[in-house]
Novice: 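Sharing a structure with you now.
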Amino acid sequence: MLLKDPNQVPESRTIKYVDVIIPVPIPKRYRYAIPKELEPYVHIGFRVVVQFGERRLLTAIVAEVLENPPEHYQAKYILDVLDFEPTVNATQLQLWKWIADYYMCTVGEVMNIAIPSGLKLTSTSKVQLNPEFNYFEHEMELNPHEDKLLNHLRGVNAVPYDQVSEILGIKSVYQVIKSLIKRRAIILFEEVKEKYKPKKIKKIRLRDAYLESEQAMEELFASLSKKTKQEEILLKYLSELPVLSRPELNREGLEKTEITHGGFSTSSLNTLLKNQIFEEFEVVQSRLDEMEESVTVEAYDFTLNDIQAGALDDILEIFKERDVCLLHGITGSGKTEVYIELVKKVLANGSQVLLMVPEIVLTAQMVVRLRKVFGESVGIYHSKFSDNERVEVWKGVAEGKFPFVVGVRSSLFLPFDNLGLVIVDEEHESSYKQYDPAPRYHARDMAVVLAKLHHAKVLLGSATPSVESYYLAKTQKYGLVELKQRYGNAQLPAIHFADIRKERKRKTMKSEFSSLLLDGIKESLNLNEQVILFQNRRGYAPFLTCEECAWTPKCNQCSVSLTYHMYRNELRCHYCGYREPAPKHCIACGSSKVKTVGVGTEKIEEELKVLLPETRIQRMDLDTTKRKYSYQKIISDFENQQIDILIGTQMVSKGLDFDHVSLVGVFDVDRMIHFPDFRSHERTFQLITQVSGRAGRREKLGKVIIQTANPNQLILQHVFNHDYWSFFKREVWERKQYLYPPFTRIVKLSVKSESRELTDHAAEQLAVYLRGRIGQKRVLGPEFPVIDKIRNQYLKDLIVKLERGKVDLVKAKTLIAEQIERLRQQKGFRKVYIVVDVDPA
DNA sequence: AGCACGCCGACT
DNA sequence: GTCGGCGTGCTC
């Protein structure tokens with residue numbers, strides 16, 4: 001690619017300009033000039049290459065084309081245009097802007113996560129010897145570094161800029177390079193390359209000449225009669241592809257690997273190619289099909305039952321008047337089928353559909369199902385996809401190949417141009433909220449915004465709707481449809497509580513297992529049924545402690561204890577990833593009485609292996625599912641009853657349907673209930689209800705055993721009765737009392753720095769500013785969070801509560817931003833970083 | 001964010 | 001004196 005000098009003076013009178021979005025967290029607008037010859041090719045949404053600062057090249061998106069030059073500076077020129085079609089359409093740009101404003105970040109930050117990095121360019125500076133430079137004439141003027149670099153460059157083509165410091169063995173090389181450029185000894189240039197490469201497969205086919213007549217083919221065979229290897233290859237080709245009877249198949253050709261992997265000689269094939277009997281060609285192949293190849297699922301035939309059909313009608317009716325509808329359907333009520341019918345209808349109208357699902361629900365199970373119904377028109381957007389795969393989905397959506405997309409959070413940003421419907425499944429899931437990096441957006445809420453931009457409808461689905469969404473439905477902002485019966489009239493599972501306080505007193509506990517739960521497990525196993533155990537904490541134990549001196553290993557960089565992981569016998573920090581071997585003796589006093597405290601999935605697994613030695617047990621948590629397909633492997637093993645008991649974290653609670661699970665056991669609910677967060681009750685209700693939903697299918701009644709120190713807690717009673725409504729009423733009452741969402745909007749500000757004192761001072765100062773401008777009562781804190789140091793950054797939080805309907809949100813956010821700016825202007829607080837999280841999860 | 005510049009201590 | 005560390009300011 002030829003790059004032009006950005007500072008070159010324009011030859012012509014009228015120049016156009018562009019304002020661009022650059023992938024950088026700077027809130028300013030940047031305006032560039034368009035060179036005359038590129039002018040016809042520059043349009044809104046196109047990618048252009050711009051120089052930003054002295055050394056950086058960036059991929060920018062054209063946000064606006066303008067007639068007038070900037071007033072106070074000389075604009076640089078755009079260096080190149082990368083597209084013939086817009087990469088980003090106008091609606092996407094509107095969404096980006098909306099998100100940047102609402103979540104208080106820059107459009108550049110939105111761009112950064114919105115487009116796959118394969119659509120961005122990498123710019124790597126390279127240094128090269130100037131061929132016109134005569135080394136020997138100037139040898140004496142050079143300092144040792146300059147001399148060393150030039151000598152190195154004489155042997156090679158070009159060297160990446162970052163390698164220069166290695167070559168010279170010094171850190172700051174810029175002076176050396178600058179001086180050499182001045183002497184015209186070297187050239188510094190930027191090499192720009194498109195990162196996305198389509199996957200190509202090599203194919204071969206017969207030259208057409210041989211298919212034109214039987215005679216040609218006979219002559220070919222005759223010429224090969226003594227060349228056995230080559231003849232074999234020809235025969236193989238003809239047997240795989242009957243081109244003699246159907247010559248049109250020759251266009252398709254055969255994959256080269258089919259020949260070479262079939263034990264045929266590569267060199268013979270090469271000879272055939274060289275002698276112009278075969279020809280080689282390449283086709284672009286999609287990477288997207290690999291995921292499903294291993295999975296088989298029976299045909300997915302269904303008809304909606306009366307209740308589902310009724311729900312569908314209700315939804316359609318609601319959509320006549322409202323844009324958003326909440327589908328509250330208890331677990332197992334068959335929401336997915338309702339979605340599918342709805343999607344069919346919208347697609348038939350010629351509109352696009354986006355179905356959003358939380359990360360872990362999007363498994364091969366679901367994908368294969370949807371493929372069965374919608375075939376090639378479904379695009380899948382999963383977070384475990386490589387960047388190249390993402391680019392393929394992106395392009396597929398843009399080209400209209402995928403009118404229907406199933407995807408995670410970030411699929412919101414795909415280049416839809418005609419959305420008719422967005423479905424957000426498991427709408428309550430907190431994984432729809434992105435925390436790091438900015439934009440800290442909520443995909444469910446942004447789905448509503450996206451749909452509005454497209455004049456499309458939104459269906460939110462959940463068995464346990466978020467309090468916010470259900471409140472909006474109950475106050476008539478959203479439509480509401482409820483599915484209160486399980487599909488096929490199955491019953492909701494029966495909930496039992498194992499009172500571990502009583503069992504401990506009676507000494508009927510076997511380590512972490514109550515007798516009620518253990519007997520339940522045995523009973524299920526005896527009936528050849530499966531069991532799911534839920535413990536929402538990975539590792540073996542959350543910490544170690546010395547019985548003699550109470551010493552506990554802590555993370556150096558974070559204010560947490562280290563979690564003990566048995567399978568590697570190491571201690572790990574779940575916040576920064578630090579690992580070290582587990583100590584045999586107390587580091588403080590040398591005692592060997594180091595004990596684990598608390599319970600994680602690993603410990604449950606280990607104890608169970610001792611209690612039930614013959615049983616096939618599998619653990620499913622972050623540690624066992626890191627590889628791309630390991631999650632699916634576990635799921636399919638469990639489905640095929642290769643596993644009797646599945647122990648896991650939240651992962652086991654989501655969206656999966658198993659036919660033979662009769663019992664679900666839940667550990668440690670009390671910790672969940674008493675977690676210090678205004679959403680802890682909501683989370684507990686959702687999590688237990690979701691995981692309970694895995695128990696029992698069709699005619700079989702499932703059973704759930706929850707271990708708790710106090711079965712009388714109100715929230716557990718709501719769970720016991722499967723009573724969402726009572727849970728909701730109580731929760732709404734509390735939130736109204738204490739001014740939490742949906743009655744307020746929360747903006748959380750986290751102050752971060754390398755020193756506790758600095759963080760503390762900055763947070764206190766910020767609180768003063770905010771109270772002065774926003775109002776005393778609206779600002780809570782600052783408070784040190786429970787974990788007040790992560791990766792050597794000290795944290796202190798402030799909460800701003802803005803009453804719904806009373807406070808002008810836009811104004812309030814502007815005020816908040818101004819106070820942050822005001823703080824950052826102070827010399828002493830330059831090293832303080834403030835994270836703004838709007839609507840924190 | 002990244003990158004350059006400038007000012008400072010600490011080494012040949 | 002130069003090297004590299006860190007604080008500061010700018011990027012069209």
Novice: Of the options dC3(C), dA4(B), dA1(B), whose atoms approach the side-chain atoms of Arg55(A) most closely?
Specialist: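 So the nucleotide nearest the side chain must be dA4(B).
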Novice: I need the NZ-P distance between Lys120(A) and dA1(B), as an integer number of Å.
Specialist: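 Whole-Å distance recorded here is 15 Å.
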Novice: Counting heavy atoms from C-beta on, name the nucleotide in dC5(B), dG2(B), dG9(C) closest to the side chain of Arg830(A).
Specialist: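 Comparing dC5(B), dG2(B), dG9(C) against the side chain of Arg830(A), the answer is dG9(C).
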Novice: Using heavy-atom distances to pick each residue's nearest nucleotide on DNA chain B, tell me which of Tyr833(A) and Lys178(A) is more 5'.
Specialist: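 Checking each residue's closest nucleotide, the 5'-ward one belongs to Tyr833(A).
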Novice: Any base atoms under 4.0 Å from Tyr32(A), or only sugar-phosphate, or nothing? Heavy atoms, all strands.
Specialist: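 Touches sugar-phosphate only.
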Novice: Between atom CZ in Arg824(A) and atom C1' in dA1(B), what is the gap in whole Å?
Specialist: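 Rounded to the whole Å, the gap is 12 Å.
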Novice: Give me the one residue out of Leu119(A), Val49(A), Val48(A) that meets side chain to side chain contact (heavy atoms under 4.5 Å, CB included) with Leu82(A).
Specialist: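 Only one of Leu119(A), Val49(A), Val48(A) forms a side chain to side chain contact (heavy atoms under 4.5 Å, CB included) with Leu82(A), namely Val49(A).
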Novice: Judged by modelled atom types alone, do Arg822(A) and Gln819(A) share a side-chain donor-acceptor pair under 3.5 Å?
Specialist: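 Per modelled atom types, Arg822(A) and Gln819(A) side chains form a pair under 3.5 Å.
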Novice: Given dC5(B), dC3(C), dA1(B), which nucleotide is nearest the side-chain atoms of His145(A)?
Specialist: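 The answer is dC3(C).
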Novice: Just the rounded figure in Å: distance from C1' of dT11(C) to NE2 of His72(A).
Specialist: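 It is 17 Å, rounded to the nearest whole Å.
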Novice: Grab the CG-P distance between Leu57(A) and dG2(B) for me, whole Å please.
Specialist: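 Rounded to the whole Å, the gap is 14 Å.
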Novice: Provide, to the nearest angstrom, the distance between the CZ atom belonging to Phe52(A) and the C1' atom belonging to dC10(C).
Specialist: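 Those two atoms, CZ and C1', are 8 Å apart.
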Novice: Would you say the side chains of Tyr102(A) and Asp839(A) form a donor-acceptor pair under 3.5 Å?
Specialist: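 Judged by distance alone, the side chains do pair up.
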Novice: Closest approach to the side chain of Lys827(A), judged atom by atom: which nucleotide of dT8(C), dG7(C), dT11(C) is it?
Specialist: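 The closest nucleotide is dT8(C).
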Novice: Taking the minimum atom-to-atom distance to the side chain of Lys831(A), which one of dA1(B), dG7(C), dA4(B) wins?
Specialist: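 Nearest listed nucleotide: dG7(C).
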Novice: Nearest-Å distance, CD1 (Ile113(A)) to P (dA1(B))?
Specialist: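 So the CD1-P distance, Ile113(A) to dA1(B), works out to 15 Å.
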Novice: Any pair with a residue in residues 101-111 of chain A that passes salt bridge (charged side-chain N to carboxylate O under 4.0 Å, His left out), sequence neighbours left out, goes on the list, sorted by first then second residue, please.
Specialist: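 Those involving residues 101-111 of chain A are Lys97(A)-Asp101(A).
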Novice: Give the rounded distance in Å between these two atoms: CD of Gln826(A) and C1' of dG9(C).
Specialist: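 So the CD-C1' distance, Gln826(A) to dG9(C), works out to 18 Å.
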Novice: Output the rounded distance in Å from CZ (Arg56(A)) to P (dC10(C)).
Specialist: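 To the nearest whole Å, that distance equals 16 Å.
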Novice: Answer with base, sugar-phosphate or nothing: what part of the nucleic acid does Ile22(A) contact at a heavy-atom distance below 4.0 Å?
Specialist: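 Answer is nothing: Ile22(A) stays at 4.0 Å or more from every strand.
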Novice: Look at the side chain of Lys554(A) and the backbone N and O of Ser559(A), then say whether any donor-acceptor pair between them is shorter than 3.5 Å.
Specialist: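 Not at all, since once roles are kept as given, no pair shorter than 3.5 Å links the two residues.
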